[in-house]
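I have placed the structure first, in the form of structure tokens, so that the comments after it can refer back to it.
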Amino acid sequence: MKRIALIGMPNTGKSTFFNRLTGASAKIGNWPGITVELLSAKIMEGSEMVEIVDLPGIYNLHGFSEDEKVARHFIENADLDLLVVIGNASQMDRQLGLVLQLQELNLPMVLLLNMHDEAQQHGIKIDTDRLTSELGTPVTLMSAKYSQGIKQARELIRESLSKEKDSTAKEKDTFTDDVKLETKLDHLMSKCVNVPIELSGGLTDKLDKVLLHPWFGLPLFFLAILLMFEVVYTIGTPLQDGIAWLLNVILESQIAHVIDSFNPVVQSFLIEGIYNGVGTVLSFLPIIVMFFLCMAVVEDSGYLARAAFLMDAFMSKLGLDGRSFVMQLMGFGCNVPALMGTRVMRSRGLRLLTMMIIPFSLCSARLQVFVFLTTAIFSPQAAPLVLFTLYIASFGAAFLTAAIYRNRLPNSEPLLLELPPYRFPTWQQMLLHGWRETWYFIREASGYILLGVVLVWFLTHYPFDAVPASSETLAGKIADVFAPVFEPLGMDKLMTVVLIFGFVAKEIVLGAMAVIYAVDPDNLAGVVANTTTWIQAYSFMLFVLIYTPCLSTVAVLKQESKSWSFTAIAVAWPLFLAWLTSFVFYQAATYLFGS
Amino acid sequence: MTLNLLKSGEVAKITSVTADDALKARINGLGLRIGQEVAVIRRACMGGPLQVRVGHTDILMRPEQADLINLAK
């Protein structure tokens, strides 16, 4: 089987092209020699199977960031048959620099100049025939987003693959030093590319005038985020109610009489354990899907780089930079990819400090818990506001942590970042992106959820002759041990058990509650509202927000930092902060408002 | 003069970059090469970063980095 690597600078539409080639079949896999996971897929090209690997976007082959090291290591060590370089056709002056560096590796190569549509809008003309002969590398233009030129690009790849590998015997690098590369680059630019002088500002310039305005930029940004959540809930909540209702109907009309004859313990296990537990989590899927779809739009639009611009002055005071803020926002989807995103940072101090604050981002798994509890406990008018205060608390905990640890993790990293033009993703891009995130979430979480609810059911029902979730059961005994720790936070025994399981993953929390309170998804809210005061609920939510998000996050913290002591602090500190915050809140609120 | 001193809306040519090799390579990779014309589009408030344009690439950089890029009008 032949192997191809896709490589290019960030913002060249490399992933879009990868998706065009591979559809939704791509898998994340490990590669020998590198600890980082890369996206790859196997496709039929002509008559043979070809494996395509998507390398991280890099500006420079000789760079020192983790991403650049990964890309270089992969190219040098993986047995490659072809290097497919993706370039941005409207930025030829700098894209060719990387191409020339890559040529020195003497690997068979093709150059695909993407975003031809944007280049045409700018009036840029590229002489691909001339460029092909000057470079000695096949070149073609395409627009992966609008599916133009993909056929020709594939043809070029197929042709290059079918050639014998003798092209590698090309004479050894003639352009080793940078000056010679510069000269060659200038030569190529003057001969093959015609860039007219841009007179009028385009749409991006007009949008930036408003969105990056010194005074209105930030308020507009937060307004946009708020609007996004509004959309998520307006569409997601009715769907969620619908699923909960449907699950209840199915249970009563279809399942109940089938298992009527079963042993009561088995019945309880099937219904109160698995069906209610998994069902409660499942009913929140529409909100998660909506959330990921919206995040996909924001991510692909280029607005996140603007967020870095707007927030950098503030973040620099905390020893972070604008990119840390962007990672924090990404963390609102799921903390795990956000933690991996810190690989673009070169300074270890900055990277670790950013990794310290990402776990405080209110991820979609925690969001389920908060949406559920706020709507169960508070009035419809108050619920969104309560949820909003939790987002504030999320930022507060992150910024406080940065302020405390900034001196221990010093950062002298320069900030240089490309601001890509605004691009609205196509429906197809949006759905594929959203689908991949959602699928990743389901795949990662489903095992945990099932295992979690089964375990919670067992602990709250064993011994089987005891009253479920009473102090005679195993869960009751565990809760008794932890009571001195959690009682000052206003948590009763049942909540304590939920929190202990929530350490594994927040996806379990709701399922565990359904199991512990032994009710179906449709009626859980009512039961919880009857047994919990708003002070208890808020204290519980604060704790869930701040303490360790899930075991996956802990694993990634370790994998990315390669340090046990850092990982230990990154777990212990949030636990302590969560306890302290809930304690202060519960005691103060009880004193002020009475229990 | 340096890029940090360039007023918003003004254009100048890059004459040299005073940075170590790693940083130079990155500045280069973003298209800020010697001889290129560069413009400052805007600055964020409170000493925040600059938005700089070279060719068809917009770049965000802190004033500290803009100070490393020397210009001639």
Side-chain angles (χ1 to χ4, degrees), chain A residues 9 11 58-65 68 88-95 97-98 101 118-119 122 124 178 181-182 185-186 189 195 198 201 204-205 208-209 212-215 217-218 305-306 308-317 321-323 346 412 414-421, chain B residues 2-4 6-71 73:
Chain A
M9 291 195 183
N11 303 311
I58 61 169
Y59 285 114
N60 197 306
L61 197 58
H62 311 304
F64 299 95
S65 81
E68 285 162 339
N88 181 340
S90 53
Q91 304 174 334
M92 292 299 287
D93 52 332
R94 60 196 197 86
Q95 304 279 328
L98 181 66
Q101 282 186 350
E118 280 183 18
H122 291 303
I124 296 170
D178 288 351
L181 281 184
E182 283 288 286
L185 189 105
D186 287 338
M189 280 304 288
V195 183
E198 190 107 47
T204 292
D205 278 352
D208 272 346
K209 235 173 220 150
L212 293 183
H213 189 276
W215 304 116
L218 264 185
R306 268 77 187 176
F309 178 84
L310 293 167
M311 286 297 287
D312 187 62
F314 175 75
M315 297 303 277
S316 73
K317 294 187 174 65
D321 73 24
R323 288 172 302 171
R346 285 147 234 244
S412 56
L415 180 66
L416 284 155
L417 196 67
E418 188 187 343
L419 285 173
Chain B
T2 71
L3 183 55
N4 193 23
L6 197 66
K7 285 201 183 74
S8 297
E10 282 186 341
V11 180
K13 236 179 199 144
I14 300 175
T15 53
S16 65
V17 176
T18 30
D20 60 65
D21 285 350
L23 188 53
K24 231 182 206 164
R26 277 175 67 197
I27 291 174
N28 234 308
L30 284 162
L32 294 161
R33 296 180 298 117
I34 292 164
Q36 291 279 2
E37 289 204 324
V38 58
V40 173
I41 305 297
R42 62 169 59 78
R43 286 159 195 275
C45 56
M46 303 198 302
L50 293 79
Q51 181 184 354
V52 167
R53 181 166 299 166
V54 57
H56 282 283
T57 307
D58 277 17
I59 299 153
L60 172 176
M61 67 170 76
R62 283 187 174 168
E64 293 94 309
Q65 278 80 58
D67 255 334
L68 304 175
I69 296 168
N70 303 309
L71 309 174
K73 278 218 174 173

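Below, read A as the first sequence line, B as the second, and so on, with proteins coming before strands; counting in each chain starts at 1. It should be emphasised that the depicted structure is a prediction, and the values quoted were computed from it without experimental measurement.
Using non-hydrogen atoms only and a strict 4.5 Å limit, the part of residues 31-38 of chain B facing chain A consists of G31(B), R33(B), Q36(B).
Side-chain N/O atoms of S316(A) and R62(B) include no donor and acceptor closer than 3.5 Å.
Of the possible polar contacts, none joining the E64(B) side chain to the P414(A) backbone as a donor-acceptor pair under 3.5 Å is found. Side-chain N or O atoms of N60(A) include one that pairs as donor or acceptor with a backbone N or O of A25(B) at under 3.5 Å.
Open room surrounds NZ on K209(A); 12 or fewer heavy atoms of other groups in view lie less than 6.0 Å from it.
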Side-chain donor-acceptor pairs under 3.5 Å in residues 6-15 of chain B, sequence neighbours left out?
unit_1 : atom_1 : unit_2 : atom_2 : d
E10(B) : OE1    : K73(B) : NZ     : 3.1
E10(B) : OE2    : K73(B) : NZ     : 3.4
T15(B) : OG1    : N70(B) : O      : 3.0

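Note that SG of C45(B) and CG of L218(A) are 7.0 Å apart. Values are rounded to the nearest 0.5 Å. How far CZ of R94(A) is from NE2 of H56(B): 12.0 Å, rounded to the nearest 0.5 Å. Here the CZ atom belonging to F309(A) is positioned 9.5 Å from the CZ atom belonging to R43(B), to the nearest 0.5 angstrom. Atom CD of E418(A) is separated from atom CE of M61(B) by 12.0 Å, given to the nearest 0.5 angstrom. Separation of atoms CG (D208(A)) and CG (D58(B)) is listed at 7.0 Å; rounding is to 0.5 Å.
Under the 4.0 Å criterion applied to side-chain N and carboxylate O atoms, R53(B) and D205(A) are assigned as salt-bridge partners.
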key: Trace of the side chain to side chain contact (heavy atoms under 4.5 Å, CB included) decision for L30(B) with L416(A)   = CA-CA 8 Å; L30(B) 284 162; L416(A) 284 155; 3.7 Å; yes

query = Between I59(B) and L417(A), is a side chain to side chain contact (heavy atoms under 4.5 Å, CB included) present by the stated rule, with each step listed?
reply = CA-CA 6 Å; I59(B) 299 153; L417(A) 196 67; 6.0 Å; no

task = Any chance you could lay out the side chain to side chain contact (heavy atoms under 4.5 Å, CB included) test for R42(B) and H213(A), step after step, and finish with the verdict?
result = CA-CA 9 Å; R42(B) 62 169 59 78; H213(A) 189 276; over 6 Å; no

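For chain A, the option among L68(B), T57(B), L23(B), V54(B) with the highest count of heavy-atom pairs below 4.5 Å is T57(B). Comparing P49(B), A44(B), A66(B) by how many heavy-atom pairs each has under 4.5 Å with chain A, the most go to P49(B). Comparing A313(A), A308(A), A119(A) by heavy-atom pairs within less than 4.5 Å of chain B, the highest count is held by A313(A).
Within the 4.5 angstrom heavy-atom criterion, only backbone atoms of L50(B) (N, CA, C, O) approach chain A. When heavy atoms are compared at a cutoff of 4.5 Å, I58(A) does not approach chain B at all. Contacts between L310(A) and chain B at a heavy-atom distance below 4.5 Å are absent for every atom of the residue. For a residue to count as touching a neighbouring chain, one of its non-hydrogen atoms must lie under 4.5 Å from one of that chain's; by this rule M9(A) touches chain B with the side chain only. For chain B, no part of L98(A) is nearby; none of its heavy atoms comes within less than 4.5 Å. Both the backbone and the side chain of D321(A) come within contact range of chain B, each with at least one heavy atom under 4.5 Å from a heavy atom of that chain.
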